[in-house]
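Right, one structure below, let's go through it.
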2 protein chains.
Amino acid sequence: MSVESLSALDRSTLRERSLEALRAAILSGRYRPGDHLGEVELAGSLGVSRGTVREALRHLQQEGLVTAGTRGMLRVNSLTPAEVHELFRVRAALEALAVREVVASPRREAAAAALREAVEQLSDEADPAARMEADLAFHLQLCRLSGNSMLVEAWQRLEGRMRVAILNGADWQAPMMARERHVPIVEAIERGDAEAAVRVVDDHMSDAAEHFAAASRPA
Amino acid sequence: MSVESLSALDRSTLRERSLEALRAAILSGRYRPGDHLGEVELAGSLGVSRGTVREALRHLQQEGLVTAGTRGMLRVNSLTPAEVHELFRVRAALEALAVREVVASPRREAAAAALREAVEQLSDEADPAARMEADLAFHLQLCRLSGNSMLVEAWQRLEGRMRVAILNGADWQAPMMARERHVPIVEAIERGDAEAAVRVVDDHMSDAAEHFAAASRPA
DNA sequence: CCGCTGTCGACTGTCGCCAGTCCACACCGG
DNA sequence: CCGGTGTGGACTGGCGACAGTCGACAGCGG
């Protein structure tokens, strides 16, 4: 019920810290899907005013972690299996564009090197949360390396929903985020074979959708 | 009953109305790219409090119409030609997914019919703003008919940016939004030829990117 | 026992206010 | 004349309070 208090030592704004705290609280499962998020309660537990949590909640709403219920009340969002599938199809489309642009880029070599590095971060951690972070970091890096800022933005908009979907997925030990799943992408990019890379990404996304949709609970 | 209808129409919150008003003001060119949007000034001109304006501005910020400058000050956003190109490439990727899903859908016939109807709305209006609306409505309809809610959401997130890009484009009389440009898409969908439809969409987007990027000013 | 109604409580919508901060510009010492 | 300085203004960050609204529930009448 209580969210850890915010230390006043940080230089970022209260709104940003509240946002982070709330996001972490939701993503950590402290608030379950469907739970009502009251402004007064959150303001109390976060030690900030209602207006501040309000803005944070609105941000979370646009991120898709929170959805509006009756009378503007906000509750933690969840995804249906169908939505998970949809989500990963969109993601596949975006990342397919990313690999195409990376391959077509003159900085392809450097990009591939950066991706190699991101891949290395992948399965060294046993902590499931860290695995998820590393996986998302890899894919975000892929989008970034495309040099397409609009693509990065669109991808990040989906990131919140992805976290929800992954959170609902129970089996963290699945090889979904393993290194072997990502190496082929990098290799195809290094070869300059965009179509092969797209196929790999597509398969990767299909598998992930299947996996996480099966595990997503019907809210 | 008149009382009921009045109360029903009055259900929209001040925040939503302020948001609409601000969006309209920016999109109508009343505020130019780079203009500073002061909370107090807007609160005064809109007749609402600063907090209300703030939330509307934050929303606009996430829509991409407004961007944060120094010390959190917000100003009307503009797009570089490069960003316009990026934007339309992302849009092409999303709409390509849309046409693929529409073609693969069992409701393809009905979808094609709905698109035919949307096409009919296209060039009957001489008013450039109406033309833009009809064009965006057609493409949004395309995304909606895919049945992929995440896709619709992602597309709508880009909508604001598209409007500014189109706004910067001077030549409203260009055949960019003409009916002839959109009919081939519908025809390919009716034939069930997804790849052809994707190619048409891709060309359409490339042309549009070229057109609007050339006209976008380097703010 | 059932349905209606009035009241209470909780929550969000909205507002006005105070505090902190940064910028511009006039002012003063060299 | 020039550079440092401080002072005023303007803007955003953040907060507490009031108002409107809807749901829940007890109480009353049939």
Side-chain angles (χ1 to χ4, degrees), chain A residues 1-23 25-26 31-63 65-77, chain B residues 3-23 25-26 31-63 65-77:
Chain A
M1 206 51 79
S2 70
V3 182
E4 60 273 6
S5 298
L6 304 167
S7 69
L9 296 167
D10 201 319
R11 213 156 310 200
S12 61
T13 66
L14 273 182
R15 189 186 103 250
E16 289 166 355
R17 268 175 293 170
S18 303
L19 180 62
E20 282 302 321
L22 274 178
R23 187 159 32 208
I26 294 175
Y31 295 105
R32 295 305 193 80
D35 279 2
H36 167 53
L37 297 176
E39 295 177 358
V40 283
E41 174 196 337
L42 294 176
S45 58
L46 288 169
V48 297
S49 82
R50 265 188 61 219
T52 305
V53 289
R54 205 182 161 82
E55 291 196 31
L57 283 173
R58 287 267 136 77
H59 200 102
L60 258 42
Q61 186 179 3
Q62 295 209 328
E63 282 185 23
L65 269 75
V66 147
T67 186
T70 150
R71 218 174 87 225
M73 289 193 184
L74 298 178
R75 51 186 222 283
V76 178
N77 200 6
Chain B
V3 179
E4 285 181 358
S5 62
L6 274 177
S7 65
L9 289 175
D10 201 21
R11 282 295 162 82
S12 73
T13 66
L14 271 182
R15 179 177 60 87
E16 288 166 356
R17 263 175 293 175
S18 303
L19 180 63
E20 283 301 322
L22 273 178
R23 189 159 30 209
I26 294 175
Y31 295 106
R32 295 305 190 84
D35 279 2
H36 167 54
L37 298 176
E39 295 178 357
V40 284
E41 174 198 339
L42 295 175
S45 63
L46 288 172
V48 296
S49 82
R50 266 188 59 218
T52 306
V53 171
R54 250 204 5 230
E55 290 197 33
L57 284 173
R58 289 267 138 78
H59 201 101
L60 257 42
Q61 185 179 4
Q62 296 210 325
E63 280 185 24
L65 270 76
V66 148
T67 187
T70 80
R71 221 173 86 228
M73 289 194 183
L74 298 178
R75 51 186 222 282
V76 178
N77 200 5

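A, B, ... follow the sequence lines: proteins, then strands. Residue 1 opens every chain.
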*Touch class at under 4.0 angstrom, heavy-atom based, for G38(B) against every strand present*: sugar-phosphate
Which of dT14(C), dC11(C), dG13(D) is nearest the side chain of T13(A)? It is dG13(D)
M73(A) atom CE is separated from dG23(D) atom C1', nearest whole Å, by 8 Å
Rounded to whole Å, the CD-P distance (E39(B) to dC15(C)) equals 14 Å
By side-chain contact (heavy atoms from CB on, under 4.5 Å), E55(B) pairs with (sequence neighbours left out) R54(A), R58(A), R15(B)
Whole-Å distance, E41(B) CD to dT12(D) C1', equals 14 Å
Between CG of L46(B) and C1' of dG13(C) the distance, given in whole Å, is 16 Å
Picking from dG16(D), dT12(C), dT12(D), the nucleotide nearest the side-chain atoms of S49(A) would be dG16(D)
For L37(B), report the nucleic acid contact type (base, sugar-phosphate, nothing); a contact means any heavy atom under 4.0 Å. sugar-phosphate
What nitrogen or oxygen pairs link the protein and nucleotides 17-23 of chain C at under 3.5 Å?
none

For R32(B) and V76(B) the tightest heavy-atom approach is O-CB, 3.4 Å
| query | So what does R54(B) hit on the nucleic acid, given a heavy-atom distance under 4.0 Å: a base, only sugar-phosphate, or nothing? | reply | base
Contacts of A43(A) meeting side-chain contact (heavy atoms from CB on, under 4.5 Å) (sequence neighbours excluded), chain-then-number -> R50(A), V53(A)
Contacts satisfying side-chain hydrogen bond (donor to acceptor under 3.5 Å, both in side chains) that involve residues 67-77 of chain B (not counting sequence neighbours) are none
Rounded to whole Å, the CD-P distance (E16(B) to dG13(C)) equals 9 Å
Salt-bridge contact E20(A)-R23(A) (side-chain N to carboxylate O under 4.0 Å): yes
Regarding the side chain of R15(A), the nearest nucleotide among dC11(C), dC15(D), dG14(D) is dG14(D)
Whole-Å distance, L42(B) CG to dT14(C) C1', equals 17 Å
Looking at T52(B), I'd like to know whether one of its side-chain N or O atoms comes within less than 4.0 Å of OP1 or OP2 on dC15(C).
yes
Atom CD of E55(B) and atom P of dC15(C) are separated, to the nearest Å, by 11 Å
The side chain to side chain donor-acceptor pair (under 3.5 Å) partners of T52(A) (sequence neighbours excluded) come to S49(A)
Practice problem: Pick base, sugar-phosphate or nothing for R75(B), based on heavy-atom distances below 4.0 Å to the nucleic acid. | Solution: nothing
Sorted by chain and number, sequence neighbours left out, side-chain contact (heavy atoms from CB on, under 4.5 Å) with E41(B) holds for Y31(B)
